[in-house]
Amino acid sequence: MNKLTSNKAAPLVLLCLSVDIFLPVFNTSFNCAQISSLALLFVLILQLIVVELLIKIDFKKILSVKHISFALSIIMIINIGALFVRMERFYRFSSSEALPIWVILLLTVLLFIFTSSVNNDTLARAGGIAIAAILLSVLILLFANINHSSISRINYMSIDVKKIGKAIIDYMYFPVDILLYFCISEDDKIASRRCLFTLLISVSTISILICVIRELVLGDSGDMMYLHTLARLGGLSVFKRIEAIHIFVWILAALIKLSALFFTSANLLKSVKYSKKSTFVFCIVIWLAFVAVMYGVNLYWQKVIIQISGFLGAAIIILCCARKRAVNEKSF
(Lines give C-alpha, C1' and ligand atoms only; values in the text may rest on other atoms or scores of the structure.)
Protein backbone atom coordinates (compact mmCIF):
# COMPACT_ATOMS: atom_id res chain seq x y z
CA MET A 1 0.00 0.00 0.00
CA ASN A 2 1.53 3.29 -1.09
CA LYS A 3 1.76 5.93 1.62
CA LEU A 4 0.52 9.51 1.39
CA THR A 5 2.07 12.69 2.74
CA SER A 6 0.15 14.38 5.55
CA ASN A 7 -0.99 17.12 3.13
CA LYS A 8 -2.58 14.54 0.84
CA ALA A 9 -4.03 12.41 3.63
CA ALA A 10 -5.51 15.37 5.55
CA PRO A 11 -8.48 16.16 3.20
CA LEU A 12 -9.52 12.50 3.08
CA VAL A 13 -9.35 12.13 6.88
CA LEU A 14 -11.17 15.47 7.35
CA LEU A 15 -13.90 14.18 5.05
CA CYS A 16 -14.20 10.97 7.09
CA LEU A 17 -14.34 12.92 10.38
CA SER A 18 -16.99 15.27 8.95
CA VAL A 19 -19.29 12.38 8.02
CA ASP A 20 -19.69 11.55 11.72
CA ILE A 21 -21.00 15.08 12.32
CA PHE A 22 -23.63 15.00 9.62
CA LEU A 23 -24.66 11.33 9.86
CA PRO A 24 -24.87 11.43 13.66
CA VAL A 25 -23.31 8.71 15.76
CA PHE A 26 -24.89 10.22 18.86
CA ASN A 27 -28.45 10.82 19.99
CA THR A 28 -27.85 12.82 23.14
CA SER A 29 -30.53 13.15 25.78
CA PHE A 30 -30.35 16.97 25.84
CA ASN A 31 -29.68 19.67 23.29
CA CYS A 32 -28.33 22.60 25.29
CA ALA A 33 -25.45 24.10 23.28
CA GLN A 34 -23.72 25.23 26.47
CA ILE A 35 -23.47 21.72 27.95
CA SER A 36 -22.75 20.08 24.58
CA SER A 37 -19.89 22.51 23.96
CA LEU A 38 -18.26 21.81 27.33
CA ALA A 39 -18.59 18.05 26.76
CA LEU A 40 -17.12 18.31 23.26
CA LEU A 41 -14.14 20.30 24.59
CA PHE A 42 -13.45 17.63 27.23
CA VAL A 43 -13.67 14.84 24.63
CA LEU A 44 -11.36 16.83 22.33
CA ILE A 45 -8.70 17.00 25.06
CA LEU A 46 -8.96 13.23 25.57
CA GLN A 47 -8.69 12.62 21.81
CA LEU A 48 -5.58 14.82 21.58
CA ILE A 49 -3.95 12.87 24.45
CA VAL A 50 -4.61 9.55 22.68
CA VAL A 51 -3.28 10.98 19.39
CA GLU A 52 -0.11 12.14 21.16
CA LEU A 53 0.43 8.60 22.46
CA LEU A 54 -0.13 7.15 18.97
CA ILE A 55 2.25 9.61 17.32
CA LYS A 56 5.13 8.28 19.43
CA ILE A 57 4.63 4.80 17.94
CA ASP A 58 6.47 3.58 14.86
CA PHE A 59 3.46 2.47 12.79
CA LYS A 60 5.60 0.96 10.07
CA LYS A 61 6.90 -1.58 12.57
CA ILE A 62 3.68 -2.04 14.53
CA LEU A 63 1.60 -2.76 11.39
CA SER A 64 4.07 -5.48 10.42
CA VAL A 65 2.75 -7.45 13.41
CA LYS A 66 0.12 -9.72 11.89
CA HIS A 67 -2.38 -9.87 14.73
CA ILE A 68 -2.40 -6.06 15.05
CA SER A 69 -3.05 -5.59 11.32
CA PHE A 70 -5.80 -8.20 11.52
CA ALA A 71 -7.42 -6.54 14.59
CA LEU A 72 -7.33 -3.08 12.98
CA SER A 73 -8.84 -4.49 9.80
CA ILE A 74 -11.76 -6.01 11.75
CA ILE A 75 -12.30 -2.75 13.66
CA MET A 76 -12.48 -0.83 10.37
CA ILE A 77 -14.94 -3.36 8.93
CA ILE A 78 -17.12 -2.92 12.04
CA ASN A 79 -17.16 0.82 11.36
CA ILE A 80 -17.96 0.20 7.68
CA GLY A 81 -20.99 -1.81 8.77
CA ALA A 82 -22.08 0.88 11.25
CA LEU A 83 -21.62 3.66 8.69
CA PHE A 84 -23.57 1.74 6.05
CA VAL A 85 -26.55 1.38 8.42
CA ARG A 86 -26.47 5.09 9.31
CA MET A 87 -26.15 6.07 5.65
CA GLU A 88 -29.02 3.78 4.58
CA ARG A 89 -31.29 5.10 7.35
CA PHE A 90 -30.45 8.69 6.44
CA TYR A 91 -31.25 7.90 2.79
CA ARG A 92 -34.62 6.40 3.75
CA PHE A 93 -35.38 9.27 6.11
CA SER A 94 -34.68 11.89 3.44
CA SER A 95 -36.09 10.11 0.36
CA SER A 96 -39.77 9.61 -0.42
CA GLU A 97 -39.10 6.66 -2.77
CA ALA A 98 -36.12 4.77 -1.38
CA LEU A 99 -34.55 1.79 -3.13
CA PRO A 100 -34.93 -1.70 -1.59
CA ILE A 101 -32.21 -2.66 0.88
CA TRP A 102 -30.89 -5.47 -1.35
CA VAL A 103 -30.29 -2.97 -4.18
CA ILE A 104 -28.35 -0.67 -1.83
CA LEU A 105 -26.26 -3.62 -0.61
CA LEU A 106 -25.52 -4.69 -4.19
CA LEU A 107 -24.49 -1.17 -5.21
CA THR A 108 -22.22 -0.95 -2.16
CA VAL A 109 -20.54 -4.26 -3.07
CA LEU A 110 -19.97 -2.90 -6.59
CA LEU A 111 -18.42 0.19 -5.01
CA PHE A 112 -16.09 -2.05 -2.99
CA ILE A 113 -15.12 -3.96 -6.14
CA PHE A 114 -14.20 -0.67 -7.81
CA THR A 115 -12.35 0.47 -4.67
CA SER A 116 -10.17 -2.65 -4.71
CA SER A 117 -8.72 -1.54 -8.08
CA VAL A 118 -7.76 2.04 -7.09
CA ASN A 119 -5.00 3.42 -4.88
CA ASN A 120 -4.59 5.89 -2.02
CA ASP A 121 -3.92 8.81 -4.36
CA THR A 122 -7.28 8.33 -6.12
CA LEU A 123 -9.14 8.23 -2.80
CA ALA A 124 -7.23 11.29 -1.57
CA ARG A 125 -8.20 13.27 -4.68
CA ALA A 126 -11.84 12.20 -4.30
CA GLY A 127 -11.70 13.25 -0.65
CA GLY A 128 -10.29 16.66 -1.59
CA ILE A 129 -13.10 17.29 -4.08
CA ALA A 130 -15.77 16.09 -1.65
CA ILE A 131 -14.47 18.20 1.26
CA ALA A 132 -14.75 21.31 -0.95
CA ALA A 133 -18.38 20.35 -1.68
CA ILE A 134 -18.97 19.84 2.05
CA LEU A 135 -17.61 23.29 2.95
CA LEU A 136 -19.85 24.87 0.32
CA SER A 137 -22.83 22.88 1.64
CA VAL A 138 -22.16 24.01 5.22
CA LEU A 139 -21.89 27.66 4.18
CA ILE A 140 -25.16 27.42 2.24
CA LEU A 141 -26.82 25.75 5.24
CA LEU A 142 -25.66 28.49 7.63
CA PHE A 143 -26.62 31.42 5.40
CA ALA A 144 -29.96 29.82 4.49
CA ASN A 145 -31.03 29.67 8.15
CA ILE A 146 -30.05 33.17 9.28
CA ASN A 147 -33.65 34.40 9.01
CA HIS A 148 -34.91 31.46 11.08
CA SER A 149 -32.53 31.98 14.01
CA SER A 150 -33.42 33.70 17.27
CA ILE A 151 -31.25 34.36 20.31
CA SER A 152 -34.33 33.80 22.52
CA ARG A 153 -34.17 30.06 21.76
CA ILE A 154 -30.79 29.71 23.49
CA ASN A 155 -31.24 27.80 26.74
CA TYR A 156 -28.88 29.33 29.32
CA MET A 157 -28.22 26.84 32.09
CA SER A 158 -26.15 26.85 35.24
CA ILE A 159 -23.13 24.53 35.21
CA ASP A 160 -24.45 21.14 36.31
CA VAL A 161 -21.65 18.60 36.84
CA LYS A 162 -24.01 15.62 36.49
CA LYS A 163 -25.40 16.84 33.17
CA ILE A 164 -21.94 17.65 31.83
CA GLY A 165 -20.72 14.20 32.92
CA LYS A 166 -23.63 12.53 31.15
CA ALA A 167 -22.95 14.60 28.04
CA ILE A 168 -19.27 13.59 28.11
CA ILE A 169 -20.28 9.91 28.23
CA ASP A 170 -22.67 10.52 25.31
CA TYR A 171 -19.99 12.23 23.21
CA MET A 172 -17.09 9.99 24.29
CA TYR A 173 -15.66 8.82 21.00
CA PHE A 174 -12.31 8.20 19.36
CA PRO A 175 -12.71 8.25 15.56
CA VAL A 176 -11.40 5.21 13.71
CA ASP A 177 -10.48 7.77 11.01
CA ILE A 178 -7.43 8.69 13.11
CA LEU A 179 -6.24 5.09 12.85
CA LEU A 180 -6.97 5.31 9.12
CA TYR A 181 -4.62 8.30 8.93
CA PHE A 182 -1.75 6.37 10.53
CA CYS A 183 -2.32 3.43 8.18
CA ILE A 184 -2.23 5.48 4.93
CA SER A 185 0.20 8.30 5.74
CA GLU A 186 3.96 8.49 5.96
CA ASP A 187 5.46 8.17 9.43
CA ASP A 188 6.47 11.82 9.89
CA LYS A 189 5.78 12.53 13.56
CA ILE A 190 5.98 16.33 13.45
CA ALA A 191 3.76 16.62 10.37
CA SER A 192 1.33 14.01 11.79
CA ARG A 193 0.99 15.87 15.08
CA ARG A 194 0.34 19.19 13.35
CA CYS A 195 -2.10 17.62 10.88
CA LEU A 196 -4.14 15.55 13.36
CA PHE A 197 -4.30 18.26 16.02
CA THR A 198 -5.55 20.72 13.39
CA LEU A 199 -8.14 18.26 12.06
CA LEU A 200 -9.54 17.33 15.47
CA ILE A 201 -9.68 20.95 16.67
CA SER A 202 -11.37 22.01 13.40
CA VAL A 203 -13.98 19.25 13.59
CA SER A 204 -14.71 19.99 17.26
CA THR A 205 -15.08 23.70 16.47
CA ILE A 206 -17.53 22.90 13.66
CA SER A 207 -19.46 20.57 16.00
CA ILE A 208 -19.77 23.30 18.64
CA LEU A 209 -20.82 25.84 16.00
CA ILE A 210 -23.50 23.45 14.74
CA CYS A 211 -24.77 22.90 18.31
CA VAL A 212 -25.21 26.68 18.64
CA ILE A 213 -26.86 27.05 15.20
CA ARG A 214 -29.19 24.11 15.94
CA GLU A 215 -30.37 25.74 19.17
CA LEU A 216 -30.70 29.18 17.56
CA VAL A 217 -32.99 27.73 14.87
CA LEU A 218 -34.67 24.67 16.41
CA GLY A 219 -34.55 25.47 20.11
CA ASP A 220 -35.01 22.40 22.33
CA SER A 221 -35.92 20.09 19.46
CA GLY A 222 -34.72 16.51 20.01
CA ASP A 223 -34.53 15.82 16.27
CA MET A 224 -31.55 13.50 15.63
CA MET A 225 -31.44 14.43 11.94
CA TYR A 226 -31.39 18.12 12.85
CA LEU A 227 -29.05 19.07 10.00
CA HIS A 228 -31.49 17.68 7.46
CA THR A 229 -34.26 19.62 9.25
CA LEU A 230 -32.15 22.78 8.94
CA ALA A 231 -31.71 22.04 5.23
CA ARG A 232 -35.48 21.72 4.81
CA LEU A 233 -36.13 24.95 6.69
CA GLY A 234 -33.45 26.93 4.86
CA GLY A 235 -33.93 28.80 1.64
CA LEU A 236 -31.42 30.80 -0.39
CA SER A 237 -32.41 33.09 -3.27
CA VAL A 238 -34.35 31.02 -5.84
CA PHE A 239 -33.53 27.81 -3.95
CA LYS A 240 -36.46 27.60 -1.53
CA ARG A 241 -35.42 24.21 -0.19
CA ILE A 242 -31.83 23.04 -0.16
CA GLU A 243 -32.16 19.50 1.25
CA ALA A 244 -31.40 18.00 -2.19
CA ILE A 245 -27.88 19.51 -2.01
CA HIS A 246 -27.54 18.29 1.57
CA ILE A 247 -28.58 14.71 0.70
CA PHE A 248 -26.29 14.48 -2.33
CA VAL A 249 -23.20 15.89 -0.59
CA TRP A 250 -23.42 13.74 2.53
CA ILE A 251 -24.25 10.48 0.80
CA LEU A 252 -21.30 11.14 -1.54
CA ALA A 253 -19.07 11.82 1.49
CA ALA A 254 -20.30 8.64 3.22
CA LEU A 255 -19.58 6.55 0.11
CA ILE A 256 -16.01 7.91 -0.09
CA LYS A 257 -15.49 7.13 3.61
CA LEU A 258 -16.83 3.60 3.06
CA SER A 259 -14.37 3.21 0.18
CA ALA A 260 -11.40 4.52 2.19
CA LEU A 261 -12.09 2.24 5.17
CA PHE A 262 -12.68 -0.79 2.94
CA PHE A 263 -9.52 -0.13 0.91
CA THR A 264 -7.42 0.20 4.06
CA SER A 265 -8.91 -2.83 5.84
CA ALA A 266 -8.36 -4.98 2.73
CA ASN A 267 -4.73 -3.84 2.48
CA LEU A 268 -4.14 -4.55 6.16
CA LEU A 269 -5.40 -8.09 5.60
CA LYS A 270 -3.10 -8.48 2.59
CA SER A 271 -0.18 -7.75 4.90
CA VAL A 272 -1.31 -10.80 6.90
CA LYS A 273 -0.52 -12.79 3.73
CA TYR A 274 -4.07 -13.35 2.48
CA SER A 275 -4.50 -13.34 -1.30
CA LYS A 276 -6.32 -10.45 -2.97
CA LYS A 277 -9.36 -12.58 -3.82
CA SER A 278 -9.68 -14.19 -0.38
CA THR A 279 -9.15 -10.79 1.28
CA PHE A 280 -12.01 -9.24 -0.69
CA VAL A 281 -14.39 -12.14 0.04
CA PHE A 282 -13.45 -12.14 3.75
CA CYS A 283 -14.04 -8.37 4.06
CA ILE A 284 -17.43 -8.60 2.32
CA VAL A 285 -18.59 -11.51 4.52
CA ILE A 286 -17.52 -9.82 7.77
CA TRP A 287 -19.06 -6.53 6.61
CA LEU A 288 -22.41 -8.19 5.83
CA ALA A 289 -22.32 -9.94 9.21
CA PHE A 290 -21.83 -6.65 11.05
CA VAL A 291 -24.51 -4.93 8.96
CA ALA A 292 -26.91 -7.65 10.13
CA VAL A 293 -25.77 -7.13 13.73
CA MET A 294 -26.22 -3.35 13.52
CA TYR A 295 -29.72 -3.73 12.10
CA GLY A 296 -30.52 -6.16 14.92
CA VAL A 297 -29.65 -3.79 17.78
CA ASN A 298 -31.16 -0.46 18.79
CA LEU A 299 -29.56 2.98 18.39
CA TYR A 300 -28.08 2.93 21.89
CA TRP A 301 -26.08 -0.25 21.27
CA GLN A 302 -25.07 0.95 17.80
CA LYS A 303 -23.58 4.02 19.49
CA VAL A 304 -21.80 1.87 22.11
CA ILE A 305 -20.25 -0.36 19.42
CA ILE A 306 -18.96 2.67 17.50
CA GLN A 307 -17.65 4.33 20.68
CA ILE A 308 -15.79 1.22 21.85
CA SER A 309 -14.27 0.30 18.47
CA GLY A 310 -12.11 3.41 18.02
CA PHE A 311 -10.74 3.35 21.58
CA LEU A 312 -10.21 -0.41 21.30
CA GLY A 313 -8.09 0.01 18.16
CA ALA A 314 -5.97 2.72 19.80
CA ALA A 315 -5.62 0.67 23.01
CA ILE A 316 -4.47 -2.45 21.12
CA ILE A 317 -1.70 -0.49 19.39
CA ILE A 318 -0.56 1.43 22.50
CA LEU A 319 -0.57 -1.64 24.79
CA CYS A 320 1.19 -3.82 22.22
CA CYS A 321 3.88 -1.19 21.74
CA ALA A 322 4.30 -0.81 25.52
CA ARG A 323 4.60 -4.59 25.91
CA LYS A 324 7.27 -4.82 23.20
CA ARG A 325 9.19 -1.97 24.81
CA ALA A 326 9.03 -3.69 28.21
CA VAL A 327 10.29 -6.97 26.73
CA ASN A 328 13.17 -5.18 24.99
CA GLU A 329 14.16 -3.38 28.21
CA LYS A 330 13.99 -6.64 30.14
CA SER A 331 16.24 -8.39 27.61
CA PHE A 332 18.90 -5.76 28.27
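Quick note: residue numbers are just sequence positions, from 1.
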* Regarding N119 and T122, is there a side-chain donor-to-acceptor distance under 3.5 Å anywhere? ->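 Yes, side-chain donor-acceptor contact under 3.5 Å.
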Are [X] and [Y] connected, step by step, through hydrophobic side chains (Ile, Leu, Val, Met, Phe, Trp, Tyr) whose heavy atoms are closer than 4.5 Å?
{"X": "L110", "Y": "L123", "value": "yes"}
{"X": "L40", "Y": "I45", "value": "no"}
{"X": "V293", "Y": "L312", "value": "no"}
{"X": "F114", "Y": "I129", "value": "no"}
{"X": "I201", "Y": "L209", "value": "yes"}

* When you look at E52 and L48, which way does the side chain to side chain contact (heavy atoms under 4.5 Å, CB included) test go after all the steps? -> CA-CA 6 Å; E52 183 61 33; L48 293 177; over 6 Å; no
With rounding to the nearest 0.5 angstrom, report the [atom1] to [atom2] distance, [X] to [Y].
{"X": "I78", "Y": "I286", "atom1": "CD1", "atom2": "CD1", "result": "9.0 Å"}
{"X": "T264", "Y": "L180", "atom1": "OG1", "atom2": "CG", "result": "4.5 Å"}
{"X": "F290", "Y": "N79", "atom1": "CZ", "atom2": "CG", "result": "10.0 Å"}
{"X": "Q47", "Y": "L200", "atom1": "CD", "atom2": "CG", "result": "5.5 Å"}
{"X": "L268", "Y": "L72", "atom1": "CG", "atom2": "CG", "result": "6.0 Å"}
{"X": "L105", "Y": "F84", "atom1": "CG", "atom2": "CZ", "result": "4.0 Å"}

Would a distance-only check, ignoring hydrogens and angles, find a side-chain to backbone donor-acceptor pair under 3.5 Å from [X] to [Y]?
{"X": "Q307", "Y": "I169", "answer": "yes"}
{"X": "K189", "Y": "I57", "answer": "yes"}
{"X": "S73", "Y": "S69", "answer": "no"}

When you compare the side chain of [Y] with that of [X], does any pair of heavy atoms fall below 4.5 Å?
{"X": "V50", "Y": "L54", "value": "yes"}
{"X": "L255", "Y": "L258", "value": "yes"}
{"X": "R89", "Y": "V85", "value": "yes"}
{"X": "L111", "Y": "S259", "value": "yes"}
{"X": "I306", "Y": "R86", "value": "yes"}
{"X": "I256", "Y": "L12", "value": "yes"}
{"X": "C16", "Y": "Y181", "value": "no"}
{"X": "I35", "Y": "K166", "value": "no"}

* **Criterion side chain to side chain contact (heavy atoms under 4.5 Å, CB included) on F263 and I184, from CA distance to verdict** => CA-CA 10 Å; F263 174 86; I184 66 174; 5.6 Å; no
Please report the closest heavy-atom contact between [X] and [Y], naming both atoms and the distance.
{"X": "L15", "Y": "G127", "value": "CD2-CA, 3.9 Å"}
{"X": "M294", "Y": "A82", "value": "CE-CB, 3.5 Å"}
{"X": "V176", "Y": "M76", "value": "CG2-CG, 4.1 Å"}
{"X": "I131", "Y": "S18", "value": "CD1-OG, 4.0 Å"}
{"X": "I75", "Y": "S309", "value": "CG2-O, 3.5 Å"}
{"X": "L269", "Y": "C283", "value": "CD1-SG, 3.5 Å"}

* To do: Assign the ring pair F311 / F174 to parallel, tilted or perpendicular, where the plane angle (0 to 90°) is split at 30° and 60°.
  =>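 Judged by the thresholds at 30° and 60°, the geometry between F311 and F174 is tilted.
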* Parallel, tilted or perpendicular: which fits the ring planes of F112 and F262, with parallel below 30° and perpendicular above 60°? ->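 F112 and F262: parallel rings.
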* Intermediate values then yes/no, side chain to side chain contact (heavy atoms under 4.5 Å, CB included), I317 and L179 -> CA-CA 10 Å; I317 294 170; L179 302 178; 4.1 Å; yes
* side chain to side chain contact (heavy atoms under 4.5 Å, CB included) between Y295 and I101: does it pass, once the steps are laid out? -> CA-CA 12 Å; Y295 274 115; I101 181 64; 3.5 Å; yes
